[in-house]
Number of protein chains: 2
Amino acid sequence: MSAPNRPTFRRIADEIRAAIDNGTYAPGSKLPTDAELAAQMGVTRTLIGDALQLLTTDGIVTKTRKGTFVSSFTSKINRDANTRYTKSFRESTTADGTKARGAFDAELRARGLTPKTDLQVKRVVPPNHVADLLGIPANEVLVVSRARVMFAVKEDGDEVPVQVATSYLPGDIAFGTVLETPDTGEGGLISRLADLGHRQSRISETIQVRRPSEAEATALNLTEDQRVYEITHSARTATDRVVEVTNHILPVHLWNLTYAWDLEG
Amino acid sequence: MSAPNRPTFRRIADEIRAAIDNGTYAPGSKLPTDAELAAQMGVTRTLIGDALQLLTTDGIVTKTRKGTFVSSFTSKINRDANTRYTKSFRESTTADGTKARGAFDAELRARGLTPKTDLQVKRVVPPNHVADLLGIPANEVLVVSRARVMFAVKEDGDEVPVQVATSYLPGDIAFGTVLETPDTGEGGLISRLADLGHRQSRISETIQVRRPSEAEATALNLTEDQRVYEITHSARTATDRVVEVTNHILPVHLWNLTYAWDLEG
DNA sequence: GAGTGGTCTAGACCACAGA
DNA sequence: CTGTGGTCTAGACCACTCG
(Lines give C-alpha, C1' and ligand atoms only; values in the text may rest on other atoms or scores of the structure.)
Protein backbone atom coordinates (compact mmCIF):
# COMPACT_ATOMS: atom_id res chain seq x y z
CA MET A 1 0.00 0.00 0.00
CA SER A 2 2.77 2.39 0.92
CA ALA A 3 4.21 2.08 -2.59
CA PRO A 4 1.36 1.74 -5.04
CA ASN A 5 3.36 1.45 -8.23
CA ARG A 6 6.29 -0.49 -6.92
CA PRO A 7 8.18 -1.98 -9.88
CA THR A 8 7.86 -5.70 -10.40
CA PHE A 9 11.54 -6.47 -9.89
CA ARG A 10 11.45 -4.76 -6.51
CA ARG A 11 8.30 -6.59 -5.52
CA ILE A 12 9.95 -9.85 -6.49
CA ALA A 13 13.01 -8.94 -4.43
CA ASP A 14 10.77 -8.16 -1.44
CA GLU A 15 8.97 -11.46 -1.92
CA ILE A 16 12.14 -13.53 -1.99
CA ARG A 17 13.57 -11.58 0.93
CA ALA A 18 10.44 -12.38 2.91
CA ALA A 19 10.67 -16.03 1.92
CA ILE A 20 14.22 -16.13 3.22
CA ASP A 21 13.27 -14.35 6.44
CA ASN A 22 10.42 -16.73 7.17
CA GLY A 23 12.56 -19.78 6.53
CA THR A 24 11.16 -20.96 3.21
CA TYR A 25 14.73 -20.79 1.97
CA ALA A 26 17.16 -21.74 4.74
CA PRO A 27 20.57 -20.11 5.20
CA GLY A 28 23.10 -21.81 2.95
CA SER A 29 20.47 -23.44 0.76
CA LYS A 30 20.15 -23.07 -2.98
CA LEU A 31 17.41 -20.98 -4.52
CA PRO A 32 15.65 -22.11 -7.70
CA THR A 33 17.50 -21.03 -10.83
CA ASP A 34 16.63 -17.69 -12.38
CA ALA A 35 14.86 -19.51 -15.18
CA GLU A 36 12.73 -21.53 -12.76
CA LEU A 37 11.80 -18.46 -10.74
CA ALA A 38 10.97 -16.64 -13.95
CA ALA A 39 8.62 -19.42 -14.98
CA GLN A 40 7.02 -19.57 -11.53
CA MET A 41 6.38 -15.85 -11.46
CA GLY A 42 5.50 -15.43 -15.09
CA VAL A 43 8.21 -12.88 -15.85
CA THR A 44 11.40 -12.75 -17.84
CA ARG A 45 14.67 -14.09 -16.55
CA THR A 46 16.05 -10.55 -16.80
CA LEU A 47 13.64 -9.39 -14.11
CA ILE A 48 14.61 -12.19 -11.75
CA GLY A 49 18.24 -11.30 -12.28
CA ASP A 50 17.51 -7.66 -11.40
CA ALA A 51 15.59 -8.69 -8.30
CA LEU A 52 18.31 -11.03 -7.07
CA GLN A 53 20.95 -8.42 -7.69
CA LEU A 54 19.26 -6.22 -5.10
CA LEU A 55 19.52 -9.05 -2.58
CA THR A 56 23.10 -9.73 -3.60
CA THR A 57 24.02 -6.12 -2.93
CA ASP A 58 22.49 -6.40 0.53
CA GLY A 59 24.55 -9.52 1.18
CA ILE A 60 21.46 -11.71 1.54
CA VAL A 61 22.20 -14.08 -1.31
CA THR A 62 25.29 -15.00 -3.29
CA LYS A 63 25.24 -15.77 -6.97
CA THR A 64 27.71 -18.24 -8.39
CA ARG A 65 28.06 -20.12 -11.65
CA LYS A 66 26.40 -22.96 -9.86
CA GLY A 67 23.27 -21.14 -8.75
CA THR A 68 22.00 -18.65 -6.19
CA PHE A 69 22.57 -19.39 -2.51
CA VAL A 70 21.17 -17.90 0.66
CA SER A 71 23.93 -16.33 2.75
CA SER A 72 24.71 -18.21 5.92
CA PHE A 73 25.74 -15.09 7.77
CA THR A 74 22.71 -13.50 9.33
CA SER A 75 23.49 -11.14 12.20
CA LYS A 76 26.16 -8.50 12.07
CA ILE A 77 29.46 -8.50 13.89
CA ASN A 78 29.94 -5.62 16.27
CA ARG A 79 33.13 -3.62 16.22
CA ASP A 80 33.28 -1.73 19.49
CA ALA A 81 36.06 0.78 18.97
CA ASN A 82 36.50 1.41 22.67
CA THR A 83 36.56 -1.93 24.35
CA ARG A 84 38.46 -3.41 21.44
CA TYR A 85 41.54 -1.41 22.33
CA THR A 86 41.48 -2.01 26.06
CA LYS A 87 44.08 -4.34 27.46
CA SER A 88 41.55 -6.50 29.24
CA PHE A 89 39.55 -7.15 26.07
CA ARG A 90 42.54 -7.79 23.85
CA GLU A 91 43.96 -10.25 26.34
CA SER A 92 40.63 -11.68 27.46
CA THR A 93 40.46 -15.39 28.11
CA THR A 94 38.20 -17.32 25.77
CA ALA A 95 35.86 -20.20 26.46
CA ASP A 96 38.50 -22.81 25.69
CA GLY A 97 40.90 -21.28 28.18
CA THR A 98 43.27 -19.77 25.63
CA LYS A 99 44.08 -16.12 25.57
CA ALA A 100 42.81 -13.94 22.74
CA ARG A 101 45.40 -12.70 20.30
CA GLY A 102 44.32 -9.11 19.80
CA ALA A 103 41.06 -7.31 19.25
CA PHE A 104 39.65 -9.13 16.24
CA ASP A 105 40.20 -12.46 17.89
CA ALA A 106 38.21 -11.53 20.96
CA GLU A 107 35.52 -9.94 18.82
CA LEU A 108 34.68 -13.05 16.84
CA ARG A 109 34.95 -15.48 19.75
CA ALA A 110 32.36 -13.34 21.51
CA ARG A 111 30.02 -14.33 18.68
CA GLY A 112 30.79 -18.05 18.77
CA LEU A 113 32.84 -17.92 15.59
CA THR A 114 36.43 -18.97 15.23
CA PRO A 115 38.72 -16.32 13.83
CA LYS A 116 41.40 -17.06 11.29
CA THR A 117 43.88 -14.58 9.95
CA ASP A 118 46.18 -14.69 6.94
CA LEU A 119 49.08 -12.39 7.53
CA GLN A 120 51.75 -10.98 5.28
CA VAL A 121 54.51 -8.86 6.81
CA LYS A 122 56.55 -6.72 4.46
CA ARG A 123 58.55 -3.53 4.29
CA VAL A 124 56.82 -1.09 1.96
CA VAL A 125 56.56 2.54 1.03
CA PRO A 126 53.17 3.42 2.52
CA PRO A 127 50.31 5.13 0.67
CA ASN A 128 50.50 8.91 0.78
CA HIS A 129 47.76 9.49 3.28
CA VAL A 130 49.41 7.01 5.63
CA ALA A 131 52.83 8.63 5.24
CA ASP A 132 51.14 11.90 6.01
CA LEU A 133 49.64 10.60 9.23
CA LEU A 134 52.95 9.03 10.24
CA GLY A 135 54.68 12.33 9.64
CA ILE A 136 57.15 11.00 7.08
CA PRO A 137 57.84 12.12 3.48
CA ALA A 138 55.64 10.60 0.78
CA ASN A 139 56.92 7.98 -1.70
CA GLU A 140 60.21 7.56 0.07
CA VAL A 141 60.54 5.97 3.49
CA LEU A 142 60.05 2.27 4.14
CA VAL A 143 57.80 1.16 6.96
CA VAL A 144 56.64 -2.21 8.25
CA SER A 145 53.35 -3.31 6.70
CA ARG A 146 51.27 -6.01 8.35
CA ALA A 147 48.54 -6.93 5.88
CA ARG A 148 45.84 -9.23 7.23
CA VAL A 149 42.87 -10.96 5.68
CA MET A 150 40.53 -12.08 8.42
CA PHE A 151 38.03 -14.90 8.23
CA ALA A 152 35.21 -16.09 10.40
CA VAL A 153 35.24 -19.87 10.50
CA LYS A 154 31.80 -21.36 11.01
CA GLU A 155 31.00 -24.60 12.74
CA ASP A 156 30.75 -26.44 9.44
CA GLY A 157 34.28 -25.36 8.57
CA ASP A 158 33.27 -22.69 6.08
CA GLU A 159 35.60 -19.73 6.02
CA VAL A 160 33.98 -16.38 5.38
CA PRO A 161 36.28 -13.40 4.77
CA VAL A 162 35.03 -10.54 6.91
CA GLN A 163 37.77 -7.94 6.96
CA VAL A 164 41.06 -6.88 5.44
CA ALA A 165 43.30 -4.67 7.51
CA THR A 166 46.77 -3.30 6.93
CA SER A 167 48.84 -1.81 9.73
CA TYR A 168 51.78 0.47 9.06
CA LEU A 169 54.52 0.88 11.66
CA PRO A 170 57.45 3.31 11.47
CA GLY A 171 60.72 1.62 10.56
CA ASP A 172 62.76 3.11 13.38
CA ILE A 173 60.34 1.50 15.82
CA ALA A 174 59.55 -1.78 14.12
CA PHE A 175 62.51 -2.92 12.00
CA GLY A 176 64.13 -6.01 13.44
CA THR A 177 61.68 -6.34 16.32
CA VAL A 178 58.88 -8.74 17.16
CA LEU A 179 56.66 -6.40 15.14
CA GLU A 180 58.11 -7.97 12.01
CA THR A 181 57.32 -11.50 13.12
CA PRO A 182 54.04 -13.24 12.31
CA ASP A 183 52.79 -13.90 15.82
CA THR A 184 52.65 -10.81 18.00
CA GLY A 185 51.50 -12.86 20.96
CA GLU A 186 49.17 -12.10 23.80
CA GLY A 187 47.41 -8.79 23.44
CA GLY A 188 48.62 -8.30 19.88
CA LEU A 189 50.36 -5.38 18.24
CA ILE A 190 49.37 -2.78 20.77
CA SER A 191 50.85 -4.70 23.67
CA ARG A 192 54.12 -5.22 21.78
CA LEU A 193 54.35 -1.54 20.87
CA ALA A 194 53.89 -0.77 24.55
CA ASP A 195 56.65 -3.26 25.42
CA LEU A 196 58.93 -1.34 23.06
CA GLY A 197 58.22 1.89 24.92
CA HIS A 198 55.52 3.23 22.63
CA ARG A 199 52.36 2.95 24.62
CA GLN A 200 49.38 4.34 22.72
CA SER A 201 47.39 6.99 24.51
CA ARG A 202 45.02 8.49 21.94
CA ILE A 203 43.21 6.99 18.97
CA SER A 204 41.45 8.65 16.10
CA GLU A 205 39.46 7.03 13.35
CA THR A 206 37.82 8.36 10.24
CA ILE A 207 35.10 6.43 8.47
CA GLN A 208 33.87 6.51 4.94
CA VAL A 209 31.75 4.17 2.87
CA ARG A 210 32.66 3.37 -0.72
CA ARG A 211 32.70 0.65 -3.36
CA PRO A 212 35.43 -1.93 -2.81
CA SER A 213 38.55 -1.81 -4.94
CA GLU A 214 39.12 -4.73 -7.25
CA ALA A 215 41.56 -6.30 -4.79
CA GLU A 216 39.19 -5.78 -1.86
CA ALA A 217 36.28 -7.24 -3.77
CA THR A 218 38.32 -10.34 -4.55
CA ALA A 219 39.61 -10.78 -1.02
CA LEU A 220 36.23 -10.23 0.62
CA ASN A 221 34.19 -11.99 -2.02
CA LEU A 222 32.17 -8.91 -2.86
CA THR A 223 30.56 -7.59 -6.01
CA GLU A 224 31.29 -4.16 -7.35
CA ASP A 225 27.86 -3.01 -6.19
CA GLN A 226 28.36 -3.78 -2.53
CA ARG A 227 29.84 -1.29 -0.09
CA VAL A 228 32.63 -1.31 2.46
CA TYR A 229 33.52 0.81 5.44
CA GLU A 230 37.03 2.18 5.17
CA ILE A 231 38.29 3.00 8.64
CA THR A 232 41.56 4.87 8.88
CA HIS A 233 42.84 4.30 12.37
CA SER A 234 45.76 6.15 13.85
CA ALA A 235 47.29 5.84 17.29
CA ARG A 236 49.54 8.33 19.00
CA THR A 237 51.60 8.13 22.16
CA ALA A 238 51.50 10.50 25.12
CA THR A 239 54.39 12.34 23.45
CA ASP A 240 52.11 12.91 20.47
CA ARG A 241 53.89 10.67 18.01
CA VAL A 242 51.82 8.56 15.62
CA VAL A 243 53.19 5.05 16.03
CA GLU A 244 50.59 3.08 14.08
CA VAL A 245 48.24 3.66 11.20
CA THR A 246 45.84 0.90 10.25
CA ASN A 247 43.48 0.76 7.33
CA HIS A 248 40.42 -1.41 7.96
CA ILE A 249 38.10 -2.54 5.17
CA LEU A 250 34.81 -4.07 6.32
CA PRO A 251 31.75 -4.99 4.23
CA VAL A 252 28.92 -2.80 5.51
CA HIS A 253 26.46 -5.67 5.56
CA LEU A 254 28.61 -7.65 8.00
CA TRP A 255 29.43 -5.06 10.63
CA ASN A 256 28.06 -2.51 13.07
CA LEU A 257 30.38 0.06 14.57
CA THR A 258 30.27 1.45 18.10
CA TYR A 259 32.05 4.39 19.68
CA ALA A 260 31.93 5.96 23.12
CA TRP A 261 33.74 8.84 24.74
CA ASP A 262 33.64 11.30 27.59
CA LEU A 263 32.71 14.92 27.19
CA GLU A 264 34.82 17.55 28.86
CA GLY A 265 33.10 20.54 30.38
CA MET B 1 43.95 -3.62 -18.31
CA SER B 2 43.05 -4.47 -14.78
CA ALA B 3 39.61 -5.67 -15.82
CA PRO B 4 39.84 -7.27 -19.25
CA ASN B 5 36.18 -8.17 -19.71
CA ARG B 6 34.61 -5.21 -18.01
CA PRO B 7 30.95 -5.01 -19.04
CA THR B 8 29.97 -2.22 -21.39
CA PHE B 9 27.60 -0.50 -19.00
CA ARG B 10 30.36 -0.28 -16.39
CA ARG B 11 32.81 1.07 -18.93
CA ILE B 12 30.27 3.68 -19.95
CA ALA B 13 29.75 4.62 -16.32
CA ASP B 14 33.51 4.96 -15.85
CA GLU B 15 33.72 7.09 -18.97
CA ILE B 16 31.00 9.49 -17.89
CA ARG B 17 32.43 9.63 -14.38
CA ALA B 18 35.79 10.59 -15.85
CA ALA B 19 34.15 13.20 -18.06
CA ILE B 20 32.53 14.74 -14.99
CA ASP B 21 35.78 14.63 -13.04
CA ASN B 22 37.75 16.36 -15.79
CA GLY B 23 35.14 19.07 -16.18
CA THR B 24 33.60 18.06 -19.49
CA TYR B 25 30.31 18.13 -17.64
CA ALA B 26 30.30 20.83 -14.98
CA PRO B 27 28.59 20.45 -11.59
CA GLY B 28 24.92 21.31 -11.90
CA SER B 29 24.89 21.02 -15.69
CA LYS B 30 22.64 18.77 -17.71
CA LEU B 31 23.96 15.63 -19.35
CA PRO B 32 22.77 14.61 -22.82
CA THR B 33 19.59 12.56 -22.70
CA ASP B 34 19.86 8.80 -22.44
CA ALA B 35 18.80 8.54 -26.06
CA GLU B 36 21.49 10.96 -27.22
CA LEU B 37 24.19 9.19 -25.25
CA ALA B 38 22.97 5.87 -26.60
CA ALA B 39 23.29 7.16 -30.15
CA GLN B 40 26.73 8.65 -29.49
CA MET B 41 28.05 5.44 -28.04
CA GLY B 42 26.27 3.07 -30.34
CA VAL B 43 24.43 1.16 -27.65
CA THR B 44 20.87 0.79 -26.47
CA ARG B 45 19.18 3.28 -24.21
CA THR B 46 18.83 0.49 -21.64
CA LEU B 47 22.60 0.32 -21.27
CA ILE B 48 22.92 4.05 -20.75
CA GLY B 49 20.23 3.84 -18.11
CA ASP B 50 22.14 1.07 -16.34
CA ALA B 51 25.38 3.06 -16.48
CA LEU B 52 23.80 6.23 -15.15
CA GLN B 53 22.12 4.32 -12.37
CA LEU B 54 25.55 3.40 -11.04
CA LEU B 55 26.46 7.07 -10.93
CA THR B 56 23.12 7.95 -9.37
CA THR B 57 23.73 5.46 -6.58
CA ASP B 58 27.10 7.09 -5.93
CA GLY B 59 25.43 10.48 -5.73
CA ILE B 60 27.33 11.79 -8.73
CA VAL B 61 24.34 12.51 -10.94
CA THR B 62 20.63 13.00 -10.33
CA LYS B 63 17.99 11.81 -12.72
CA THR B 64 14.74 13.71 -13.03
CA ARG B 65 11.87 13.70 -15.49
CA LYS B 66 13.61 16.66 -17.09
CA GLY B 67 16.95 15.01 -17.71
CA THR B 68 20.13 13.89 -15.96
CA PHE B 69 22.09 16.47 -13.99
CA VAL B 70 25.56 16.48 -12.50
CA SER B 71 25.43 16.82 -8.72
CA SER B 72 26.62 20.17 -7.46
CA PHE B 73 27.90 18.69 -4.21
CA THR B 74 31.41 17.45 -4.67
CA SER B 75 33.36 17.08 -1.45
CA LYS B 76 32.00 15.41 1.66
CA ILE B 77 30.95 17.07 4.87
CA ASN B 78 32.89 15.94 7.89
CA ARG B 79 31.08 14.97 11.04
CA ASP B 80 33.62 15.05 13.83
CA ALA B 81 31.90 13.34 16.72
CA ASN B 82 34.28 14.75 19.29
CA THR B 83 34.66 18.41 18.55
CA ARG B 84 31.01 18.63 17.59
CA TYR B 85 29.94 18.08 21.17
CA THR B 86 32.41 20.42 22.79
CA LYS B 87 31.06 23.65 24.14
CA SER B 88 33.56 25.79 22.25
CA PHE B 89 32.61 24.30 18.87
CA ARG B 90 28.89 24.40 19.44
CA GLU B 91 29.06 28.03 20.48
CA SER B 92 31.83 29.03 18.09
CA THR B 93 31.59 32.41 16.45
CA THR B 94 31.16 32.35 12.69
CA ALA B 95 32.64 34.57 10.00
CA ASP B 96 29.72 36.96 10.09
CA GLY B 97 30.10 37.47 13.80
CA THR B 98 27.02 35.50 14.86
CA LYS B 99 27.20 32.57 17.20
CA ALA B 100 26.59 29.05 15.92
CA ARG B 101 23.38 27.38 17.00
CA GLY B 102 24.58 23.89 17.80
CA ALA B 103 26.87 21.35 16.22
CA PHE B 104 25.37 21.04 12.73
CA ASP B 105 25.36 24.79 12.32
CA ALA B 106 29.06 25.10 13.05
CA GLU B 107 29.82 22.10 10.88
CA LEU B 108 28.36 23.53 7.71
CA ARG B 109 29.63 27.07 8.20
CA ALA B 110 33.11 25.59 8.46
CA ARG B 111 32.57 24.48 4.86
CA GLY B 112 31.27 27.80 3.56
CA LEU B 113 27.70 26.55 3.37
CA THR B 114 24.71 28.04 5.08
CA PRO B 115 22.76 25.64 7.23
CA LYS B 116 18.99 25.62 7.34
CA THR B 117 16.90 23.41 9.57
CA ASP B 118 13.24 22.53 9.49
CA LEU B 119 12.14 21.54 12.95
CA GLN B 120 9.06 19.86 14.28
CA VAL B 121 8.66 19.49 18.04
CA LYS B 122 6.12 16.97 19.26
CA ARG B 123 5.31 14.70 22.15
CA VAL B 124 5.46 11.11 20.96
CA VAL B 125 5.81 7.54 22.11
CA PRO B 126 9.37 6.79 21.02
CA PRO B 127 10.45 3.77 18.94
CA ASN B 128 11.23 0.70 21.01
CA HIS B 129 15.00 0.85 20.77
CA VAL B 130 14.90 4.47 21.90
CA ALA B 131 12.62 3.70 24.84
CA ASP B 132 15.04 0.97 25.73
CA LEU B 133 18.00 3.33 25.76
CA LEU B 134 16.05 5.90 27.77
CA GLY B 135 15.16 3.23 30.29
CA ILE B 136 11.41 3.63 29.95
CA PRO B 137 8.70 1.05 29.08
CA ALA B 138 8.03 0.48 25.39
CA ASN B 139 4.88 1.72 23.64
CA GLU B 140 3.71 3.68 26.61
CA VAL B 141 5.48 6.81 27.83
CA LEU B 142 5.44 10.12 25.99
CA VAL B 143 8.69 11.96 25.40
CA VAL B 144 9.64 15.13 23.59
CA SER B 145 10.63 14.53 19.98
CA ARG B 146 12.59 17.14 18.07
CA ALA B 147 12.61 16.05 14.43
CA ARG B 148 14.90 18.04 12.14
CA VAL B 149 15.49 18.02 8.43
CA MET B 150 18.74 19.80 7.72
CA PHE B 151 19.71 21.51 4.50
CA ALA B 152 22.89 22.96 3.14
CA VAL B 153 22.11 26.16 1.31
CA LYS B 154 24.52 26.89 -1.51
CA GLU B 155 25.54 30.31 -2.76
CA ASP B 156 23.04 30.13 -5.61
CA GLY B 157 20.25 29.57 -3.12
CA ASP B 158 19.83 25.87 -3.80
CA GLU B 159 18.82 23.89 -0.75
CA VAL B 160 20.25 20.39 -0.52
CA PRO B 161 18.88 18.13 2.23
CA VAL B 162 21.85 16.52 3.95
CA GLN B 163 20.56 14.98 7.15
CA VAL B 164 17.49 14.09 9.12
CA ALA B 165 17.83 13.79 12.86
CA THR B 166 15.34 13.14 15.60
CA SER B 167 16.16 13.76 19.25
CA TYR B 168 14.17 12.20 22.06
CA LEU B 169 14.14 13.78 25.51
CA PRO B 170 12.50 12.31 28.63
CA GLY B 171 9.23 14.05 29.52
CA ASP B 172 10.08 14.68 33.15
CA ILE B 173 13.06 16.67 31.99
CA ALA B 174 11.74 18.38 28.89
CA PHE B 175 7.98 18.95 29.21
CA GLY B 176 7.18 22.64 29.53
CA THR B 177 10.77 23.79 29.22
CA VAL B 178 12.76 25.57 26.56
CA LEU B 179 13.42 22.09 25.15
CA GLU B 180 9.92 22.16 23.70
CA THR B 181 10.46 25.48 21.97
CA PRO B 182 11.79 25.78 18.43
CA ASP B 183 14.93 27.79 19.09
CA THR B 184 17.18 26.30 21.72
CA GLY B 185 19.58 29.23 21.46
CA GLU B 186 23.30 29.50 21.76
CA GLY B 187 25.00 26.13 22.03
CA GLY B 188 21.83 24.21 21.21
CA LEU B 189 20.16 21.35 22.99
CA ILE B 190 23.15 20.23 24.97
CA SER B 191 23.68 23.62 26.55
CA ARG B 192 20.01 23.85 27.52
CA LEU B 193 20.03 20.37 29.05
CA ALA B 194 23.04 21.47 31.07
CA ASP B 195 21.17 24.61 32.19
CA LEU B 196 18.39 22.35 33.43
CA GLY B 197 20.87 20.41 35.55
CA HIS B 198 21.47 17.51 33.17
CA ARG B 199 24.97 18.03 31.93
CA GLN B 200 26.02 15.24 29.59
CA SER B 201 29.22 13.46 30.51
CA ARG B 202 29.43 10.39 28.29
CA ILE B 203 28.33 9.75 24.73
CA SER B 204 27.96 6.54 22.83
CA GLU B 205 27.09 6.04 19.20
CA THR B 206 26.41 2.99 17.09
CA ILE B 207 26.65 3.12 13.33
CA GLN B 208 25.10 1.02 10.66
CA VAL B 209 24.63 1.45 6.93
CA ARG B 210 21.37 0.53 5.24
CA ARG B 211 18.93 1.50 2.51
CA PRO B 212 16.83 4.54 3.37
CA SER B 213 13.22 4.08 4.43
CA GLU B 214 10.60 5.52 2.13
CA ALA B 215 10.26 8.60 4.31
CA GLU B 216 14.00 9.08 4.52
CA ALA B 217 14.41 8.70 0.77
CA THR B 218 11.78 11.36 0.21
CA ALA B 219 13.19 13.78 2.76
CA LEU B 220 16.78 13.37 1.58
CA ASN B 221 16.01 13.09 -2.10
CA LEU B 222 17.52 9.62 -2.38
CA THR B 223 16.77 6.60 -4.50
CA GLU B 224 16.10 3.23 -3.00
CA ASP B 225 19.54 2.08 -4.13
CA GLN B 226 21.53 4.66 -2.24
CA ARG B 227 22.72 4.14 1.32
CA VAL B 228 22.52 6.04 4.58
CA TYR B 229 24.41 5.96 7.83
CA GLU B 230 22.09 5.45 10.76
CA ILE B 231 23.78 6.78 13.87
CA THR B 232 22.10 6.08 17.19
CA HIS B 233 23.47 8.60 19.62
CA SER B 234 22.88 8.47 23.34
CA ALA B 235 24.10 10.80 26.04
CA ARG B 236 24.26 10.09 29.74
CA THR B 237 24.95 12.29 32.72
CA ALA B 238 27.56 11.77 35.40
CA THR B 239 24.83 10.07 37.43
CA ASP B 240 24.49 7.59 34.57
CA ARG B 241 21.08 8.61 33.35
CA VAL B 242 20.41 8.73 29.62
CA VAL B 243 18.96 12.17 29.00
CA GLU B 244 19.00 12.26 25.22
CA VAL B 245 18.79 9.78 22.37
CA THR B 246 19.20 11.06 18.84
CA ASN B 247 18.79 9.18 15.60
CA HIS B 248 20.86 10.62 12.77
CA ILE B 249 20.31 9.65 9.13
CA LEU B 250 23.03 10.76 6.72
CA PRO B 251 23.52 9.81 3.06
CA VAL B 252 26.84 7.98 2.91
CA HIS B 253 27.96 9.85 -0.18
CA LEU B 254 27.70 13.21 1.58
CA TRP B 255 29.51 12.54 4.84
CA ASN B 256 32.68 11.32 6.48
CA LEU B 257 32.67 10.44 10.15
CA THR B 258 35.47 11.02 12.64
CA TYR B 259 35.97 9.77 16.18
CA ALA B 260 38.76 10.15 18.69
CA TRP B 261 39.26 8.95 22.24
CA ASP B 262 41.83 8.29 24.91
CA LEU B 263 43.06 4.85 25.87
CA GLU B 264 43.33 3.98 29.49
CA GLY B 265 46.20 1.82 30.66
C1' DG C 1 1.43 17.23 -26.88
C1' DA C 2 6.28 16.28 -26.69
C1' DG C 3 10.07 14.70 -24.34
C1' DT C 4 12.05 12.55 -20.44
C1' DG C 5 13.51 8.55 -17.81
C1' DG C 6 11.49 3.84 -15.82
C1' DT C 7 10.16 -0.61 -16.76
C1' DC C 8 9.53 -4.88 -19.10
C1' DT C 9 9.67 -8.54 -22.77
C1' DA C 10 11.60 -11.80 -26.01
C1' DG C 11 15.32 -13.50 -27.51
C1' DA C 12 20.26 -13.85 -28.26
C1' DC C 13 25.17 -14.73 -27.28
C1' DC C 14 28.72 -15.33 -23.90
C1' DA C 15 32.03 -17.13 -20.10
C1' DC C 16 32.66 -20.18 -16.79
C1' DA C 17 32.25 -24.25 -13.56
C1' DG C 18 31.42 -28.87 -12.96
C1' DA C 19 30.24 -33.79 -14.41
C1' DC D 1 29.23 -31.22 -22.78
C1' DT D 2 25.45 -28.91 -20.13
C1' DG D 3 23.55 -25.59 -17.17
C1' DT D 4 24.30 -21.50 -14.80
C1' DG D 5 24.14 -16.53 -14.39
C1' DG D 6 25.87 -12.07 -17.03
C1' DT D 7 25.16 -9.10 -20.66
C1' DC D 8 23.07 -6.85 -24.46
C1' DT D 9 19.66 -5.55 -28.18
C1' DA D 10 15.37 -3.98 -30.21
C1' DG D 11 11.38 -2.47 -29.32
C1' DA D 12 7.36 -1.50 -26.56
C1' DC D 13 4.44 0.85 -23.13
C1' DC D 14 4.12 3.81 -19.24
C1' DA D 15 4.01 8.01 -15.94
C1' DC D 16 5.39 12.21 -15.22
C1' DT D 17 6.60 17.17 -16.25
C1' DC D 18 6.69 21.11 -18.77
C1' DG D 19 5.64 24.38 -22.25
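Below, chains carry the letters A, B, ... as their sequence lines are ordered, and counting in each starts from 1. Note that the structure is a prediction, hence the values are computed from the model and not measured. Heavy atoms only: backbone and side chains are in, while hydrogens, waters and symmetry mates are out.
- One can place CG of A:D34 at 20 Å from P of C:dC14, the figure rounded to the nearest angstrom.
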Derivation of the side-chain contact (heavy atoms from CB on, under 4.5 Å) call for B:S167 and B:V245: CA-CA 6 Å; B:S167 294; B:V245 173; over 6 Å; no

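- Atom CZ of B:R11 is separated from atom P of D:dG6 by 19 Å (rounded to the nearest Å).
- The interatomic distance linking B:I48 (CD1) with C:dG3 (P) rounds to 20 Å, in whole Å.
- Note: CD (A:E36) to P (D:dT4) measures 7 Å, nearest angstrom.
- Of the two residues near DNA chain C, A:F9 and B:L31, the one whose nearest nucleotide lies more 5' is B:L31.
- Listed candidates were C:dC16, D:dT9, D:dC8. Nearest to the side chain of A:R65 is C:dC16.
- Ion pairing between A:R45 and A:E36 fails under the 4.0 Å rule for side-chain N and carboxylate O.
- Look at CD1 on B:I12: it is 12 Å from C1' on D:dT7, rounded to the nearest Å.
- Among the atoms of the strands shown, base atoms are found under 4.0 Å from some heavy atom of A:T46.
- Contact between the side-chain N/O atoms of A:K66 and the OP1/OP2 oxygens of D:dG5 is not found at any separation under 4.0 Å.
- Remark: P of D:dT7 and CZ of B:R6 are 10 Å apart, rounded to the nearest angstrom.
- Using a 3.5 Å distance cut-off with no hydrogens or angles, the side chains of B:T223 and B:D225 do not pair a donor with an acceptor.
- Separation of atoms CD (A:E230) and OG (A:S213) is listed at 9.0 Å; rounding is to 0.5 Å.
- No engagement by B:G49 is indicated, since no non-hydrogen atom pair under 4.0 Å with the nucleic acid exists.
- Spacing between atom NZ of A:K30 and atom C1' of D:dT4 amounts to 8 Å, rounded to whole angstrom units.
- Between A:H233 and A:H248, the ring-plane angle classifies as perpendicular under the 30° and 60° cut-offs.
- Whole-Å rounding puts the A:R45 CZ to D:dT9 P distance at 16 Å.
- Using a 4.0 Å heavy-atom cutoff across all strands shown, A:T68 reaches sugar-phosphate atoms only and no base atom.
- Taking only side-chain nitrogens and oxygens, A:T8 comes nearer than 4.0 Å to OP1 or OP2 of C:dC8.
- In the set C:dT7, C:dT9, D:dT9, D:dT9 carries the atom at the smallest distance from any side-chain atom of B:T44.
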